[in-house]
Amino acid sequence: MEFNEWLVGGGLLVGAIFGVLAQRFRFCMVSGISNWQLVGDYRQIMAFAAALLVAILGTQYLELSSTVAIETSSYRNSQFDWFGVIVGGLIFGVGGTMAGGCATRTVIKSGEGNLQSVVALMSFLVFAAITQFMFLEPVRLWLTATTAITLVGDAGLASVFGVPAWLPALLVVSGISAFLYRYKDRGISGPMLIAGAAIGALVVAGWYTTGVLAQDEFDPSKPSAITMSGPLARLGYMLLSGKVPALSFAVTFVIASFVFALISALLMREFRITAVPKGALLPTIAGGALMGIGGIMAYGCNVGQGLT
């Protein structure tokens, strides 16, 4: 099987660092929002905000400096599938809550020996594959063709609103910075903030790897960065069909994230086989299925869509 060494090696390295950080610092947007709103614990949501801040700053620099053609990525094409992203996002959110964590947290907790997460992950794999490649694919494509809007330019905020490219980035970065400053005295964890910022830097590293290091002038490809739903769908399709997916940056990123979360849990003596709680099996399966369907409809989860 032919593969691009930069894509495979870059995905493995970025995934390894991500897996360790996510395992050690419990990085999860679902948990971050629930802890913030329900018990007033700001640590995880602040870490996610730090990740978002660094990811936006780095990504916008790569685009504004013409280092990486971010506007050519699949996230920024001219087809605005508003129905898919809204409904898919809602379905994913409900599924993540039922399953006990988002797609990323499910992968990481599976590496820690949590059987509930393993069940959710298997359900996610199957239903993501079905939605992306199998019998739900025609339904998904029909919904997209029926509801999507074709934009004049790409889907970047600057293009949509006809403003300078730096202005939306400045406004969003200012908003996130204000949030971080406003709640800086709410029991913030310095190590978690640093871990969040490091995860944001991994997004930038992903763009640079796929958009610069791995580019072949004779066979150019669209840049991408860290994501979970798409590569999990490909791995699910492998399980269902027996066809091995190509070793891309995204696929190797997910594999390395799981493997190194497992290694981190073993080294820190945090690996424990924990059973599915009584009465949680069916909700967990349903939650994983909803995440798989919603993540594909929305073109990514809270990492792919939320950070990248």
Side-chain angles (χ1 to χ4, degrees), residues 18-19 21-41 43-45 47-48 87-132 134 136 192 227-233 235-240 254-255 257-266 268-298 300-306:
F18 181 88
L21 290 174
Q23 193 279 321
R24 295 299 306 129
F25 293 96
R26 306 290 187 262
F27 188 80
C28 177
M29 192 178 78
V30 173
S31 297
I33 292 175
S34 62
N35 289 344
W36 170 33
Q37 292 296 313
L38 298 178
V39 298
D41 184 345
R43 291 175 298 171
Q44 286 176 303
I45 195 64
F48 195 89
V87 175
L90 287 170
I91 292 173
F92 182 90
V94 172
T97 303
M98 293 174 65
C102 63
T104 301
R105 191 72 191 126
T106 299
V107 170
I108 301 302
K109 288 173 67 178
S110 294
E112 295 175 334
N114 187 301
L115 295 184
Q116 183 178 9
S117 294
V118 171
V119 170
L121 180 60
M122 291 300 103
S123 181
F124 186 109
L125 290 172
V126 169
F127 279 88
I130 288 171
T131 307
Q132 178 83 345
M134 303 174 78
L136 286 181
M192 288 189 70
T227 183
M228 283 282 174
S229 294
L232 285 175
L235 293 172
Y237 186 64
M238 178 188 71
L239 293 176
L240 296 175
V254 169
I255 293 172
S257 296
F258 171 80
V259 171
F260 279 85
L262 170 62
I263 293 172
S264 175
L266 289 170
M268 301 305 296
R269 298 182 179 179
E270 294 177 349
F271 180 86
R272 297 180 184 86
I273 300 295
T274 55
V276 180
K278 185 177 181 180
L281 180 60
L282 291 181
T284 298
I285 294 172
L290 290 174
M291 280 201 294
I293 295 170
I296 297 304
M297 286 184 65
C301 65
N302 47 295
V303 168
Q305 283 284 34

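Atoms considered below: every heavy atom in the structure, side chains included; atoms not considered: hydrogens, waters and symmetry mates. A quick note: this is a predicted structure, and the numbers were derived from the prediction, not measured.
Here the CE atom belonging to M192 is positioned 8.5 Å from the CZ atom belonging to F27, to the nearest 0.5 angstrom. Rounded to the nearest 0.5 Å, atoms CD (E112) and CG (L266) are 10.0 Å apart. Note that the CG atom of N114 and the CZ atom of F271 stand 10.0 Å from one another [nearest 0.5 Å]. Remark: L290 CG to F127 CZ distance equals 9.0 Å, nearest 0.5 Å.
Contact detail for P231 and T227: the closest heavy-atom pair is CG-O, 3.5 Å. Contact detail for K109 and S117: the closest heavy-atom pair is CB-OG, 3.1 Å. Smallest separation of non-hydrogen atoms from A280 and Q116: CB-NE2, 4.1 Å. Smallest separation of non-hydrogen atoms from A233 and I296: CB-CD1, 3.8 Å. The minimum heavy-atom distance between L240 and A129, with the atom names listed, is CD1-CB, 4.1 Å. Among all heavy-atom pairs drawn from S229 and F124, the shortest one is OG-CZ, 3.7 Å.
Counting only heavy atoms from C-beta outward, the side chains of L121 and L232 approach each other to under 4.5 Å. Side-chain contact check for M134 versus Y237: some heavy-atom pair is nearer than 4.5 Å. Residues M291 and C301 form no side-chain contact, since every pair of their non-hydrogen atoms from C-beta on lies 4.5 Å or further apart. Counting heavy atoms from C-beta on, the side chains of N302 and F92 come closer than 4.5 Å. L125 is listed as a side-chain neighbour of M122, based on a closest heavy-atom distance under 4.5 Å.
In this view, T97 satisfies the side chain to side chain donor-acceptor pair (under 3.5 Å) rule with no residue, not counting sequence neighbours.
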Please determine whether side chain to side chain contact (heavy atoms under 4.5 Å, CB included) holds for the pair I273 and L115, giving the CA-CA distance in whole Å, both sets of side-chain angles, and the decisive distance to 0.1 Å. CA-CA 7 Å; I273 300 295; L115 295 184; 4.0 Å; yes
Residue pair C102, M228: steps toward the side chain to side chain contact (heavy atoms under 4.5 Å, CB included) verdict: CA-CA 10 Å; C102 63; M228 283 282 174; over 6 Å; no
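In terms of modelled atom types and a separation under 3.5 Å, the side chain of T131 and the main chain of L136 share no donor-acceptor contact. Checking side-chain atoms of S110 against main-chain N and O of T106 turns up a donor-acceptor pair under 3.5 Å. Under a 3.5 Å cut-off, the side chain of Q305 and the backbone N or O of A298 do form a donor-acceptor pair.
Tested against I108 for a side chain to side chain contact (heavy atoms under 4.5 Å, CB included), the candidates R26, R24, Q23 yield a single pass: Q23.
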